[in-house]
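Remember, it's 1-based here, ligands and their atoms both numbered in the order they're listed.
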Amino acid sequence: MSRVSDQAGQFDRPVGVFDSGIGGLTVAQEITRLLANEQIVYFGDTARVPYGTKSRESVIRFSKDNMNVLLKYGVKVVVIACNTSTSWALSVIRREYAVPVIGVIEPGSRRAVEVTRTGRIGVIATQSTIASGKYTQTIERLLPRAQVTARPCPLFVPLVEEGWIDGKVTESVAEEYLAPIRKAGVDTLILGCTHYPLLKTVIQKVMGKGVTLVDSATETAREVKALLESRGLARQSRRPPRHEFLVSDEPEHFRTLAKRFLGHDLASVRRVDSV
Ligand code: DGL
């Protein structure tokens, strides 16, 4: 097993990223783009995906299990790339674990508040994320005059996983889901689910050119960079980084979907037990 040695300096330890499955790869990819020297250990809980239809209790329990997997790999920071996990589990995890933890909701909300002119902001996400109210609370804390319209889009995740990222069916589903958001006259729309950035073209077409789409992956990567720099944790080693991809179910399906998400093959994906 290629666990990072416990003797490695704090800063040479990997950045841990977890998600309910595949979608968090979009966040991991942004981190590797911005921080090319960092090593990533990614864990996708593919045995228990989707989280977006699950209760708060289950999502918290699964998220803690995922933390425990990553801590075995000596990670120096954990990024919760899953919006649903961030919604329910971020505050609990920050209380219970010593390692710094970054979620995706604060960075995405901050970006939306920066770009909106009218204060009318839309949020689309899984049922569980919308039910948590976390996006609305965060946006309203950052911009008290904001008017937030939040809607779940449950069919978007299976459509993306099937590779239906455009075409008539996807467009009509998007039109149906996005109608109330368009009616609210938002000028900014947060894609509050790991899978939705893959539907950007369709969503932009339905919403119109005047609406700015916010994808939290880029903002989250910036937050990771700022945290590593402020704590003196940026990786120093000149050796090329070696990323690890771990899943809780059979790796083959993950590899196939990963190619769809990233546009290239992942070198190796291993199955590990999450509990
Ligand atoms: N990763 C989840 C999220 O961002 C989407 C997939 C799921 O429902 O587990 O909310």
Side-chain angles (χ1 to χ4, degrees), residues 16-31 42-67 69-70 78-91 93 101-109 111-112 122-136 138 150-165 173 177 189-200 203 213-221 223 245-249 253-254 257-258 260-262 274:
V17 179
F18 80 76
D19 178 46
S20 54
I22 192 88
L25 286 177
T26 51
V27 177
Q29 177 164 261
E30 282 306 316
I31 297 172
Y42 182 94
F43 178 64
D45 190 13
T46 49
R48 299 190 289 198
V49 70
Y51 285 10
T53 51
K54 307 270 167 34
S55 67
R56 173 180 182 274
E57 291 68 33
S58 296
V59 173
I60 292 176
R61 181 159 51 85
F62 298 166
S63 302
K64 286 190 196 176
D65 291 339
N66 301 344
M67 284 296 293
V69 170
L70 289 176
V78 172
V79 180
I80 306 183
C82 176
N83 291 261
T84 311
S85 284
T86 303
S87 300
W88 292 122
L90 178 65
S91 54
I93 283 176
V101 183
I102 290 174
V104 282
I105 290 183
E106 182 93 22
S109 303
R111 181 74 192 142
V123 179
I124 51 174
T126 65
Q127 281 156 318
S128 193
T129 297
I130 298 297
S132 79
K134 271 284 146 42
Y135 266 110
T136 305
T138 308
R151 288 284 178 273
C153 302
L155 289 175
F156 279 179
V157 167
L159 281 171
V160 169
E161 299 224 340
E162 282 300 313
W164 291 29
I165 57 169
V173 171
Y177 281 150
L189 177 62
I190 299 181
L191 308 180
C193 171
T194 47
H195 289 55
Y196 299 179
L198 276 91
L199 298 175
K200 245 180 198 165
I203 295 172
L213 304 185
V214 172
D215 160 1
S216 42
T218 321
E219 286 309 304
T220 304
E223 186 149 330
F245 297 93
L246 314 169
V247 289
S248 52
D249 199 9
H253 185 57
F254 184 86
L257 288 180
R260 197 168 289 156
F261 267 72
L262 303 176
S274 63

Are the side chain of Tyr196 and the backbone of Ala125 linked by a donor-acceptor contact shorter than 3.5 Å? yes

Who's the nearest protein heavy-atom neighbour of atom 8 (O) of ligand 1, and how far? Gly52 N, 2.8 Å

Look only at the side chain of Tyr177 and the backbone of Ile124, and say whether a donor-acceptor pair between them is shorter than 3.5 Å. no

Does any N or O in the side chain of Tyr42 come within less than 3.5 Å of the main-chain N or O of Leu25, such that one atom is a donor and the other an acceptor? yes

Is Thr126 touching ligand 1 with its side chain, its backbone, both, or neither, if touching means heavy atoms under 4.0 Å apart? side chain

Side chains of Trp88 and Ser63: closer than 4.5 Å at any heavy-atom pair? no

Need the ligand 1 atom indices (1-based, order shown) with element for anything under 4.0 Å from a heavy-atom of Cys193. 3 (C), 4 (O), 5 (C)

For atom 6 (C) of ligand 1, what is the closest protein heavy atom, and at what distance to 0.1 Å? Ser20 OG, 3.6 Å

Keeping the roles fixed (side chain from Thr86, backbone from Ile105), state whether a donor-acceptor pair exists under 3.5 Å. no

Report the part of Thr53 in contact with ligand 1, treating N, CA, C, O as backbone and CB onward as side chain, heavy atoms under 4.0 Å; options are side chain, backbone, both, neither. neither

May I ask you to decide if Lys54's main-chain N or O and Ser128's side chain share a donor-acceptor pair within less than 3.5 Å? yes

Do the side chains of Ile22 and Glu161 get nearer than 4.5 Å, heavy atoms only? yes

Residue, atom name and distance, where the atom is the protein heavy atom closest to atom 10 (O) of ligand 1: Thr84 OG1, 2.6 Å

Ligand-residue contact atoms, ligand 1 with Tyr51, heavy atoms, under 4.0 Å: 7 (C), 8 (O), 9 (O)

If you count the atoms of ligand 1 from 1 in the order shown, which ones are under 4.0 Å from a heavy atom of Val49? 9 (O)

Number the atoms of ligand 1 from 1 as they appear, then name those within less than 4.0 Å of a heavy atom of Asp19, with their elements. 1 (N)

